Engineer: 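Dropping a structure here in structure tokens format, bear with me for questions.
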There are 2 protein chains.
Amino acid sequence: MREEDFGICPYVTVQKLLSGKWTLIILFLLAKKTMRFSELQREIPRLTQATLTKQLRTLEKDGLIIRTVYNQIPPKVEYSLSDMGEKFKPVIKSLKDWGDEYIMFSKKRDCTKL
Amino acid sequence: MREEDFGICPYVTVQKLLSGKWTLIILFLLAKKTMRFSELQREIPRLTQATLTKQLRTLEKDGLIIRTVYNQIPPKVEYSLSDMGEKFKPVIKSLKDWGDEYIMFSKKRDCTKL
DNA sequence: CTGCATCCAATTTGATACTG
DNA sequence: CAGTATCAAATTGGATGCAG
């Protein structure tokens, strides 16, 4: 891998896109259905408002999700996957399958859990 | 998603395992072939020795790679994928495919590059 | 309901020098 | 060759308070 490859290396790109601590979970939830801000908050209780907002802005800027604002009182905002986000669905699936395998594998290794 | 799900959620698990800035590239390189420390360094010139060491230690601790030490002078250490690392190969493939699509997509969006 | 601004803490990475 | 140790820099996430 040469210096000039970094701008076009898919692994570097993916690493940057998915680097957020909650990125994967947010994409996974939105892959199931379009959700409002408050729904996402309820689904991920350990994530604060401020942080959720930041991560959603990043995902929007990166073109992975769509933010739809309904001009009404009280405000309503919906988040959904963009086209690129939709194309991410198979990746989510393979990540989940591997993650599940890893969890089983870890439990086998970690005898304190048996 | 409830509080107690976090310990067994595959997405949280995967996020933690892949959170290192160079993790994906290292796994990708080792998926192609077993490599020595210095080879990895050459392949990723922007990564310093100290950081490479840390990331390799983390990957080893997480059970994704195997570190083999040859007791000789000068020292020789080889890194290769573990069984779990081998199982990660299809994920690497799907991440790469999506990353490549994303790069093409971005170039279409970013008119300054045309 | 949604979310911004600010400040702070924690974590991660990088630079540099040194070693068996 | 393959590290370790130390310190600085950068990035990130979290807490809190305020607002349209």
Side-chain angles (χ1 to χ4, degrees), chain A residues 1 3 6 9 11-27 29-30 33-62 64-80, chain B residues 1 3 6 9 11-27 29-30 33-62 64-80:
Chain A
M1 181 174 298
E3 277 289 332
F6 279 91
C9 172
Y11 304 102
V12 175
T13 302
V14 166
Q15 191 279 327
K16 283 182 192 160
L17 292 174
L18 303 183
S19 61
K21 184 169 174 182
W22 307 99
T23 304
L24 264 180
I25 295 183
I26 293 171
L27 290 177
L29 290 172
L30 294 184
K33 70 179 208 294
T34 294
M35 294 179 86
R36 298 183 58 170
F37 187 89
S38 51
E39 286 183 282
L40 285 167
Q41 257 193 288
R42 268 194 301 277
E43 291 290 329
I44 320 176
R46 300 201 297 189
L47 176 54
T48 60
Q49 253 178 3
T51 303
L52 177 55
T53 300
K54 277 182 226 168
Q55 307 249 323
L56 289 170
R57 286 293 173 282
T58 302
L59 284 166
E60 190 193 3
K61 182 177 64 59
D62 289 338
L64 301 186
I65 66 174
I66 305 277
R67 179 168 176 263
T68 308
V69 181
Y70 296 87
N71 280 314
Q72 59 183 50
I73 308 288
K76 174 179 171 183
V77 179
E78 281 187 342
Y79 294 91
S80 57
Chain B
M1 180 175 297
E3 277 290 331
F6 280 90
C9 172
Y11 303 102
V12 175
T13 301
V14 167
Q15 191 279 327
K16 283 182 192 158
L17 292 173
L18 303 184
S19 60
K21 185 169 171 181
W22 308 98
T23 305
L24 264 180
I25 294 183
I26 293 171
L27 290 176
L29 290 172
L30 294 182
K33 71 180 208 292
T34 295
M35 293 179 86
R36 297 180 60 166
F37 186 88
S38 51
E39 288 183 281
L40 285 167
Q41 257 193 292
R42 267 195 300 280
E43 291 290 330
I44 321 176
R46 300 202 298 191
L47 176 54
T48 61
Q49 246 177 11
T51 304
L52 177 56
T53 300
K54 278 181 223 162
Q55 308 250 321
L56 288 170
R57 288 288 176 287
T58 302
L59 284 167
E60 190 192 4
K61 183 178 62 59
D62 288 340
L64 301 187
I65 67 174
I66 306 276
R67 178 168 177 264
T68 308
V69 181
Y70 297 87
N71 280 314
Q72 57 182 53
I73 306 287
K76 175 178 169 183
V77 179
E78 282 186 341
Y79 294 92
S80 57

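Just so we're on the same page: letters track the sequence lines, and every chain starts at 1. Only a predicted model underlies this, so the values are computations on that prediction, with no experimental measurement involved.
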Engineer: If we fit an axis to the first five pairs and another to the last five of the helix from C:dC1-D:dG20 to C:dG20-D:dC1, what angle do they make, to the nearest 10°?
Structural biologist: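 The end axes of the helix from C:dC1-D:dG20 to C:dG20-D:dC1 are about 50° apart, to the nearest 10°.
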Engineer: Once side-chain contact (heavy atoms from CB on, under 4.5 Å) is applied, do any residues pair with B:Lys76, and if so which ones, sequence neighbours excluded?
Structural biologist: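 Listed in chain order: B:Arg36, B:Tyr70, B:Gln72, B:Glu78.
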Engineer: For B:Gln55, report the nucleic acid contact type (base, sugar-phosphate, nothing); a contact means any heavy atom under 4.0 Å.
Structural biologist: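 Touches sugar-phosphate only.
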Engineer: With a strict under 4.0 Å distance from non-hydrogen atoms of chain A, what nucleotide opens and what nucleotide closes the contacted stretch of DNA chain C, reading 5' to 3'?
Structural biologist: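 First-to-last contact on DNA chain C, by the 4.0 Å heavy-atom rule, is C:dC1 to C:dA5.
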Engineer: By nearest heavy atom, map B:Lys54 and B:Phe37 onto DNA chain D; which one lands nearer the 5' end?
Structural biologist: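 Closest to the 5' end, via its nearest nucleotide, is B:Phe37.
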Engineer: Nucleotide range of DNA chain D contacted by chain A, 5' to 3', under 4.0 Å to a heavy atom?
Structural biologist: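 It runs D:dG13 to D:dG20.
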Engineer: Which residue lies toward the 5' end of DNA chain D, A:Gln49 or A:Lys21, if each is placed at its nearest nucleotide?
Structural biologist: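 The answer here is A:Lys21.
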Engineer: Near DNA chain D, counting only heavy atoms under 4.0 Å, which residues of residues 64-72 of chain A show up?
Structural biologist: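 Close to the strand, none.
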Engineer: I'd like to check A:Thr23 versus B:Gln15 (side-chain heavy atoms, cut-off strictly below 4.5 Å). Are they in contact?
Structural biologist: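 A:Thr23 does not reach B:Gln15 side chain to side chain.
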Engineer: Taking side chain as C-beta onward, heavy atoms only, is B:Leu18 less than 4.5 Å from B:Leu27?
Structural biologist: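 A side-chain contact exists here, since the closest heavy-atom pair is under 4.5 Å.
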Engineer: Could you check whether A:Thr48 gets within reach of a base, just the sugar-phosphate, or nothing at all, counting any heavy atom under 4.0 Å?
Structural biologist: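 The residue A:Thr48 makes sugar-phosphate contact but no base contact.
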Engineer: With heavy atoms under 4.0 Å as the rule, sort A:Ser38 into base, sugar-phosphate or nothing.
Structural biologist: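 Since only primed, P, OP1 and OP2 atoms lie under 4.0 Å of A:Ser38, the category is sugar-phosphate.
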Engineer: Answer yes or no: is there a side-chain heavy-atom contact under 4.5 Å between B:Leu29 and B:Ile44?
Structural biologist: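 Side-chain contact under 4.5 Å: yes.
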Engineer: Work out which heavy atom in A:Tyr11 is nearest to a heavy atom in B:Leu24; give both atom names and the distance.
Structural biologist: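 Nearest pair, atom of A:Tyr11 first, then B:Leu24: O-CD1, 3.9 Å.
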Engineer: Considering heavy-atom distances to DNA chain C, does A:Glu39 or B:Pro75 have its closest nucleotide positioned more toward the 5' end?
Structural biologist: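 Comparing both residues, the 5'-ward one is A:Glu39.
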Engineer: Minimum heavy-atom separation for A:Ile65 and A:Tyr79, please, with both atom names.
Structural biologist: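 Scanning both residues completely, I find the closest heavy atoms to be CD1-CD2, 3.9 Å.
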Engineer: Which atom pairs, donor and acceptor, lie under 3.5 Å between side-chain atoms of residues 50-58 of chain A and protein residues at least two apart or in another chain?
Structural biologist:
residue : atom : partner : partner atom : Å
A:Thr51 : OG1  : A:Thr48 : OG1          : 3.1
A:Thr53 : OG1  : A:Gln49 : O            : 3.0
A:Gln55 : OE1  : A:Trp22 : N            : 3.2
A:Thr58 : OG1  : A:Lys54 : O            : 3.0

Engineer: With heavy-atom distances below 4.5 Å as the criterion, would you say the side chains of A:Ile26 and A:Leu59 are in contact?
Structural biologist: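 Of all side-chain heavy-atom pairs linking A:Leu59 with A:Ile26, at least one is under 4.5 Å.
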Engineer: Are the side chains of B:Leu64 and B:Leu30 in touch, meaning some heavy atoms are under 4.5 Å apart?
Structural biologist: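 They are not in contact (no side-chain heavy atoms under 4.5 Å apart), so the answer is no.
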Engineer: Between A:Gln15 and A:Thr53, name the one whose nearest nucleotide on DNA chain C is closer to the 5' end.
Structural biologist: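 Comparing both residues, the 5'-ward one is A:Thr53.
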Engineer: What distance do B:Leu40 atom CG and B:Ile25 atom CD1 have between them, rounded to the nearest 0.5 Å?
Structural biologist: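 Nearest 0.5 Å value for the CG-CD1 distance: 11.0 Å.
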